[in-house]
Amino acid sequence: MSALAMESFWLNKSACDDAERAYYEKLSGCKQTEEKSSPASDEVDLFASDDEATEAPVSVKPAPKAKAEKKPEAAPKKVAAEAPTWPNKAECNDAETKFQEELSKNPGALRNKAYEERTFIMLKPDAVQRGLVGEIMDRFESRGFKLVACKFMAASKELLMTHYSDLSKKGFFPELIRYMASGPVVPMVWEGLNAVKQGRMMLGATNPKDSDPGTIRGDLCIDVGRNVIHGSDSLESAAKEIALWFKPEEISQWRSAQVEWCYEEEELATAPAPVASHQVRAGQSSVCSDPWDTSHSARQVLI
Ligand code: RTP
Ligand code: MG
C-alpha cells in the first residue's frame, strides 16, 4: 500500500516537474517546441493525487513511462528545450544594453516610453497672487509626476496671444490676455504616464462652477475668468505649448529617485548602484558620467 502510494507520489512528481517546466517555458516567452506535442503530458492534472491517491497512478501512469523511456535522451532533450529561451534572453540583454546606452545620454530616460509623456501646465497670475503656487505644484508632485521645467516670469502679450491663438475670435479674448499679462505666471512641464489627460482631470472643468470637488479648480477658485491654472488639452497642444514656452535646454533631463516607486516597470533590480556620497564630496569634478548622478540636472532646473 505504502509502496504504491510512494510510487504514485513520484510518478505525480515527475508529471508535476514536466508541467512546471512547460509553464516556465511559456512564462519566459520561449516558443513551445514539438516535444510538447504529447497530449498525455498536456492533460496532466496537477491536483489529481490530493484526495484520490488510488486514482492518481491510473491517470498519470502514461506520462512517467514515457519519461522513463526518455531518460537516456534526457540530456540532449533538455538542451533542445532550453535553447529557445536563450534567443529571448539575448533579445532581453540587447534591449537592456540599448537602454543603458540611452540612459548614458539621457539620464531621464525610462524603460517604458509611456512614462515620459509631457504636459504644459501654467499657473495663472491669480494663483501667484493668492499664494497657491506651492499647493498646486504639490498636487502634481504628490501624484507622482516629475517636474522637468519651471519658470517664474511675466509673459508678454504677444506670447500670450500666440498661446491662446485658438480663442482669438472669442469675446473674452482681450480680457483673457489682459488677465494673463497682469502679473507673473509659472509655466511648467510635468512628465509622467498619461500626463496630458491626467493633468486635465486634476485641473477640473474650465468653469469652476462645473469643476468637481477634489480638482484644482473645484477646490481653489470660483470664477471662470480667474480659474488659476492652464493645462494642455491634447498631446499635440502639449508639444506646441512646451516648444512655445521653453527652449530645449531649459528642459531638464533627470531621473527621479521615486521612479521605481511610482512605476512597476522601472524595476528596482535593474537599477545601477547610485554614486556614493563621499565620491561627490571628495572635491572632484562635478562632471560625472554616472547617469544617475543628478548633480548636473539639479543645476539645470530653471526657476
Ligand atoms: P486653459 O486653456 O486656460 O487651460 O483653459 P481651458 O482649456 O479649460 O478652457 P479654454 O476654452 O481653452 O479657455 C481658456 C481660458 O479662457 C478663459 N475663459 N473665459 N469668460 C468666459 O466665458 C471664458 N471662457 C474661458 C478661462 O481662463 C479659460 O481657462
Ligand atoms: Mg484651453
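All of these numbers come straight from a predicted model, not from anything done at the bench. Side chains included, hydrogens not; waters and symmetry mates left out as well; all remaining heavy atoms used. Order of listing sets the numbers, starting from 1, for every ligand and every atom in it.
- Protein heavy atom at the shortest distance from atom 28 (C) of ligand 1 is Asn227 ND2, 3.6 Å.
- Not a single heavy atom of Glu175 sits closer than 4.0 Å to an atom of ligand 1.
- Below 3.5 Å of separation, one finds an N or O of Arg200 facing an N or O of ligand 1.
- Salt-bridge annotation for Arg139 and Asp219: present, with a side-chain N of the basic residue lying under 4.0 Å from a carboxylate O of the acidic one.
- Residue, atom and distance of the protein heavy atom nearest to atom 13 (O) of ligand 1 are Leu167 CD1, 3.5 Å.
- Annotation: cation-pi pair Lys151/Phe246 present, NZ/CZ under 6.0 Å from the ring centroid and within 45° of its normal.
- Taking a cut-off of under 4.0 Å to the non-hydrogen atoms of Tyr164, the atoms of ligand 1 that pass are 1 (P), 2 (O), 3 (O), 14 (C).
- Using a 4.0 Å cut-off to heavy atoms of Lys124, the atoms of ligand 1 that qualify are 3 (O), 27 (O), 28 (C), 29 (O).
- We find that Arg178 and Glu175 are joined by a salt bridge, their nearest charged nitrogen and carboxylate oxygen being less than 4.0 Å apart.
- When only interatomic distances are considered, the shortest N/O to N/O separation between Gly231 and ligand 1 falls below 3.5 Å.
- Side-chain atoms of Met137 and Trp190, non-hydrogen and from C-beta on, do get closer than 4.5 Å to each other.
- The backbone and the side chain of Thr206 each have at least one atom closer than 4.0 Å to an atom of ligand 1 (non-hydrogen atoms only).
- Atom NE2 of His163 sits about 12.0 Å away from atom OG of Ser156, to the nearest 0.5 Å.
- Across His230, Arg226, Met180, heavy-atom proximity to atom 4 (O) of ligand 1 is greatest for His230.
- Heavy-atom separations between Leu176 and ligand 1 include at least one value shorter than 4.0 Å.
- For the pairing with Ile216, the side chain to side chain contact (heavy atoms under 4.5 Å, CB included) check across Asn227, Leu132, Ile136 returns one residue only, Ile136.
- Pairing each heavy atom of Pro107 with each of Arg255, the nearest pair is O-CB, 3.3 Å.
- In summary, Glu101 and Lys105 do not engage in a salt bridge, as defined by a charged side-chain N under 4.0 Å from a carboxylate O.
- Rounding to the nearest 0.5 Å places CZ of Arg143 at 4.5 Å from CD of Gln198.
- Considering only non-hydrogen protein atoms, atom 21 (C) of ligand 1 sits nearest to Phe172 CD2, 3.6 Å.
- Given atom 26 (C) of ligand 1, the protein heavy atom at minimum distance is Val224 O, 3.4 Å.
- At least one heavy atom of Arg217 sits closer than 4.0 Å to an atom of ligand 1.
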